[in-house]
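Some notes on the structure that comes next.
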Amino acid sequence: MSYLSDLLGDSYKEGMTEEEISTALQAAGAGQNNDAEINRLKAQLSKANSEAADYKKQLRGKQTADEAAAAEQKAIMDKLTQENTDLKRSIALADKKTKLVAMGYDEKLADSTAIAMVDGDMDTVMKNQATFNESREKAIRAEQMKKTPRPAAGYDGTGGMDYAKKIEEAQASGDLTAVAYYTRLKAQDEANQMKE
C-alpha cells in the first residue's frame, strides 16, 4: 500500500475502493503506462477485501459457536443445579420421614408432615402433630384397657355384682389395682343404670 501512497500522493486515503484508486491514478497521470500496475493493484485490493470479508464471516461464525457452547454449558449447569436441589429435597424428606416413623407416625401422616417440614408449612406440621397426639392417646387408652382385668366370675353384666364388697376386699388385701378396677366398674354400672 505504500506504493499507492507514493504514486497517488495526497489524494491517497486508507480504505479506498478499487474505483476510487483507479480514478485517483488516472488523475495523477499514471495513465496508460501503468495499466499492468493498476490491474495488479486492483487484484491485490480485491484479494484483501475478499480476505477481510472471509475473516469477518469466520469471526461471526466463531462468536455464534462460542455463544452456542456457552448456552449449552448454562443449560447443563441449570440441569445439574436442579438435580442437586431435587436430591437435597429428597434426602431431607427421607430423613424427616424416617424420624417421624420412628416416633410412631403412620406412613401417610409421616409423608405429609415431612413435606410440610421441608416446605416450611408449620400450620400443617402442627395440625399433623395434633392428629398424631390424638391417635397416640387412643392407642395408649386401648392398651390400658387390654391390661385391665376382666370382671370376676359371677358377674352377669346387669349390675348384679356388689362392687362395694369387692372394693372392701381389695382394700383389705392391699390390692390397689383391684380397688381402682372395681371403683371404675362401679362408676360405669351407675352411669349405665342412670341412662336406662
Side-chain angles (χ1 to χ4, degrees), residues 57-196:
K57 191 184 271 186
Q58 286 176 3
L59 180 61
R60 285 188 190 121
K62 180 77 169 154
Q63 286 175 336
T64 305
D66 287 346
E67 290 169 358
E72 185 178 342
Q73 251 184 345
K74 184 181 181 318
I76 290 170
M77 213 41 189
D78 289 346
K79 180 182 175 193
L80 290 174
T81 301
Q82 184 61 43
E83 286 177 0
N84 188 26
T85 302
D86 292 346
L87 285 173
K88 283 181 180 179
R89 179 177 170 80
S90 245
I91 290 169
L93 285 172
D95 183 49
K96 301 277 187 214
K97 181 181 175 183
T98 301
K99 288 177 181 176
L100 291 168
V101 168
M103 287 174 54
Y105 277 68
D106 64 46
E107 289 284 326
K108 186 178 177 184
L109 189 61
D111 279 336
S112 171
T113 306
I115 290 169
M117 286 175 153
V118 170
D119 291 344
D121 181 4
M122 292 311 292
D123 290 338
T124 303
V125 171
M126 297 310 249
K127 181 180 150 222
N128 289 351
Q129 181 65 37
T131 302
F132 170 72
N133 288 343
E134 187 178 309
S135 67
R136 190 75 176 149
E137 286 176 23
K138 286 180 184 177
I140 289 171
R141 274 192 240 121
E143 187 64 31
Q144 287 174 341
M145 290 299 286
K146 286 180 187 175
K147 292 179 182 178
T148 303
R150 299 269 178 215
Y155 177 70
D156 61 3
T158 60
M161 181 176 274
D162 184 7
Y163 291 114
K165 182 179 174 188
K166 290 289 187 181
I167 292 171
E168 284 177 28
E169 289 173 4
Q171 285 174 337
S173 67
D175 187 358
L176 297 179
T177 304
V179 171
Y181 172 69
Y182 289 120
T183 303
R184 182 178 63 83
L185 288 178
K186 181 179 177 185
Q188 278 180 334
D189 190 41
E190 289 171 357
N192 287 338
Q193 286 178 3
M194 293 187 79
K195 286 181 186 177
E196 293 174 1

**Prompt:** Is it true that a side-chain atom of Ser112 and a backbone atom of Lys108 form a donor plus acceptor pair closer than 3.5 Å?
**Reply:** no
**Asked** What pairs with Glu67 under salt bridge (charged side-chain N to carboxylate O under 4.0 Å, His left out), at least two apart in sequence or on another chain?
**Response** none
**Message:** With rounding to the nearest 0.5 angstrom, report the CG to OG1 distance, Asp86 to Thr81.
**Reply:** 11.0 Å
**Asked** Say you draw a straight line from CD of Glu169 to CG of Asp162; how long is it, rounded to the nearest 0.5 Å?
**Response** 8.5 Å
**Request:** Look up atom NZ in Lys138 and atom CD1 in Ile140, then write down how far apart they are to the nearest 0.5 Å.
**Result:** 13.0 Å
**Request:** For the residue pair Phe132 and Tyr105, categorise the inter-ring angle as parallel (less than 30°), tilted (30 to 60°) or perpendicular (more than 60°).
**Result:** parallel
**Prompt:** Between OG1 of Thr98 and CG of Leu93, what distance do you get to the nearest 0.5 Å?
**Reply:** 10.5 Å
**Item:** Lys/Arg N to Asp/Glu carboxylate O, Lys74 vs Asp78, below 4.0 Å
**Value:** yes
**Asked** Ile167 and Val179: which non-hydrogen atoms are nearest, and at how many Å?
**Response** O-CG2, 4.1 Å
**Prompt:** Among side-chain atoms of Asn133 and Glu137, is any donor-acceptor pair under 3.5 angstrom?
**Reply:** no
**Asked** Does a salt bridge link Arg89 with Asp119, judged by any charged N lying under 4.0 Å from a carboxylate O?
**Response** yes
**Fill in**
Residue set satisfying side-chain contact (heavy atoms from CB on, under 4.5 Å) with Leu80, at least two apart, ordered chain then number -> Ile76, Glu83
**Request:** Any chance you could measure Met117, atom CE, to Asn128, atom CG, to the nearest 0.5 Å?
**Result:** 9.0 Å
**Item:** Closest approach of Ala110 to Val101 (non-hydrogen atoms, all atoms of both residues)
**Value:** CB-CG2, 3.7 Å
**Complete:** Heavy-atom closest pair (Tyr182 atom, Tyr163 atom, distance to 0.1 Å) is O-CD2, 3.9 Å
**Distance, nearest 0.5 Å, that separates CD of Gln129 from CE of Met103** = 5.5 Å
**Message:** If the condition is salt bridge (charged side-chain N to carboxylate O under 4.0 Å, His left out), which residues does Glu107 pass it with, not counting sequence neighbours?
**Reply:** Lys97
